[in-house]
A.B. asks: 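Attaching a single structure in structure tokens format; questions to follow.
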Amino acid sequence: MHILKKHRGSRRPASWRNPQITQTIEEAHEELEGLLEILQEEEGDLKELRATFQELARTESDCSSAKRGGDLGFFGRKKMQPPFEEASFRLKIGELTTTIVDTKSGAHIL
């Protein structure tokens, strides 16, 4: 699962939430930092963490996976952009990224 925040430097600065994204990468990071703080409060309870993550993804993510609570489904290596792939395969089930992952698509938390 992931939450994507696009910015004006993203390869396609538009989403289902906003047809023209003008925020800076710094503003996207700031928004994600706020979401990370909310999620880190739930880290001890995997069920609550998952529910909160899905809720935030549905309302805050610029990815079309928002309608699925940020769920991208299963994917193997070489299917995602390298920084996203590296971060996702380092995580254990129920673990959050501790930093924001930047790709050409935008900024992510996983």
Side-chain angles (χ1 to χ4, degrees):
M1 292 191 307
H2 82 130
I3 297 172
L4 168 66
K5 286 290 183 183
K6 292 186 174 189
H7 49 81
R8 63 180 174 223
S10 299
R11 69 175 166 197
R12 196 176 74 77
S15 76
W16 68 273
R17 294 176 60 235
N18 188 345
Q20 185 178 7
I21 295 171
T22 59
Q23 74 176 351
T24 65
I25 189 172
E26 293 81 13
E27 290 167 328
H29 277 228
E30 190 175 306
E31 287 184 30
L32 287 176
E33 290 289 346
L35 298 179
L36 262 177
E37 286 178 21
I38 293 167
L39 291 165
Q40 288 167 339
E41 293 174 10
E42 306 290 346
E43 273 190 295
D45 184 338
L46 188 56
K47 187 176 178 179
E48 284 297 317
L49 175 61
R50 183 179 185 85
T52 302
F53 196 103
Q54 289 174 326
E55 180 183 330
L56 290 173
R58 281 186 186 99
T59 59
E60 302 298 323
S61 183
D62 287 316
C63 183
S64 61
S65 69
K67 62 186 169 209
R68 296 182 304 279
D71 189 351
L72 294 168
F74 292 101
F75 57 87
R77 297 212 181 256
K78 307 275 187 217
K79 297 294 180 190
M80 299 293 181
Q81 294 175 51
F84 188 95
E85 178 183 312
E86 290 166 17
S88 61
F89 282 100
R90 271 197 311 262
L91 294 171
K92 295 178 181 136
I93 293 173
E95 191 174 35
L96 288 171
T97 49
T98 55
T99 59
I100 293 165
V101 178
D102 288 307
T103 67
K104 292 176 183 174
S105 298
H108 312 254
I109 52 178
L110 297 92

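In what follows, every heavy atom counts, from backbone to side chain, and hydrogens, waters and symmetry copies are set aside.
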A.B. asks: Can you give me the closest heavy-atom contact between Gly76 and Phe89, atom names plus distance?
C.D. replies: C-CZ, 3.9 Å
A.B. asks: Test of understanding: clusters of I, L, V, M, F, W, Y form through side-chain heavy atoms closer than 4.5 Å, transitively. Do Ile21 and Trp16 belong to the same one?
C.D. replies: no
A.B. asks: Taking all heavy atoms of Thr103 and all of Pro83, pick out the closest pair and write down the distance.
C.D. replies: CG2-CB, 4.2 Å
A.B. asks: Indicate yes or no for a side-chain donor-acceptor contact from Arg50 to the backbone of Gly94 under 3.5 Å, with no hydrogens or angles considered.
C.D. replies: no
A.B. asks: At what distance, to the nearest 0.5 angstrom, does CZ of Arg58 lie from CD1 of Ile3?
C.D. replies: 11.0 Å
A.B. asks: Report whether Val101 and Leu72 are members of the same hydrophobic cluster (ILVMFWY, side-chain heavy atoms less than 4.5 Å apart, transitive linking).
C.D. replies: yes
A.B. asks: Give a yes or no on whether Leu56 and Leu96 share a hydrophobic cluster (residues Ile, Leu, Val, Met, Phe, Trp, Tyr; joining criterion: side-chain heavy atoms under 4.5 Å apart).
C.D. replies: yes
A.B. asks: What pair of heavy atoms forms the shortest contact from Pro19 to Ala14, and how long is it?
C.D. replies: O-CB, 3.2 Å
A.B. asks: Test side chain to side chain contact (heavy atoms under 4.5 Å, CB included) on His29 and Asp102; report intermediate values, then the result.
C.D. replies: CA-CA 9 Å; His29 277 228; Asp102 288 307; 2.8 Å; yes
A.B. asks: Counting N and O atoms only, with roles assigned by atom type, does the side chain of Ser65 sit under 3.5 Å from a partner on the main chain of Arg68, one being a donor and the other an acceptor?
C.D. replies: no
A.B. asks: Of all residues at least two apart in sequence or in a different chain, which pass the side chain to side chain donor-acceptor pair (under 3.5 Å) check with Arg12?
C.D. replies: none
A.B. asks: Check for me, please, whether Leu110 and Met80 land in the same ILVMFWY cluster - side-chain distances under 4.5 Å, paths through other members count.
C.D. replies: yes
A.B. asks: Name the orientation class of the two ring planes belonging to Phe84 and Phe75 (parallel below 30°, tilted from 30 to 60°, perpendicular beyond 60°).
C.D. replies: tilted
A.B. asks: Is a donor on one side and an acceptor on the other found under 3.5 Å between the side chain of Glu42 and the backbone of Thr52?
C.D. replies: no
A.B. asks: Please identify which of these residues, Thr99, Ile100, Ile109, meets the side chain to side chain contact (heavy atoms under 4.5 Å, CB included) condition with Glu33.
C.D. replies: Ile100
A.B. asks: Charged N to carboxylate O below 4.0 Å: is that the case for Lys5 and Glu27?
C.D. replies: no
A.B. asks: Does the side chain of His108 come within less than 4.5 Å of Gln81's, by heavy atoms?
C.D. replies: no
A.B. asks: Using the rule given for side chain to side chain contact (heavy atoms under 4.5 Å, CB included), can you reason through Glu95 versus Arg90, listing the C-alpha separation, both sets of side-chain angles and the distance that settles it, and then say yes or no?
C.D. replies: CA-CA 10 Å; Glu95 191 174 35; Arg90 271 197 311 262; over 6 Å; no
A.B. asks: So, are Glu85 and Arg77 salt-bridged, with charged N and O less than 4.0 Å apart?
C.D. replies: yes
A.B. asks: Quick one: CD on Gln20 to CG on Asn18, what's the gap to the nearest 0.5 Å?
C.D. replies: 7.5 Å
A.B. asks: List the atom of Ser105, the atom of Ser10, and the distance in Å for their closest heavy-atom pair.
C.D. replies: O-OG, 3.2 Å
A.B. asks: Please report the closest heavy-atom contact between Ala57 and His2, naming both atoms and the distance.
C.D. replies: CB-O, 4.1 Å
A.B. asks: Give the minimum heavy-atom separation between Met1 and Gln54, together with the two atoms involved.
C.D. replies: SD-CG, 3.7 Å
A.B. asks: Does Lys6 offer a backbone N or O that forms a donor-acceptor pair with the side chain of Asp62 under 3.5 Å?
C.D. replies: yes
A.B. asks: For the CD atom of Glu55 and the CD atom of Glu60, what is their distance to the nearest 0.5 Å?
C.D. replies: 9.5 Å
A.B. asks: Check whether Leu36 and Leu91 end up in the same hydrophobic cluster, where Ile, Leu, Val, Met, Phe, Trp and Tyr are linked by side-chain heavy atoms less than 4.5 Å apart.
C.D. replies: no
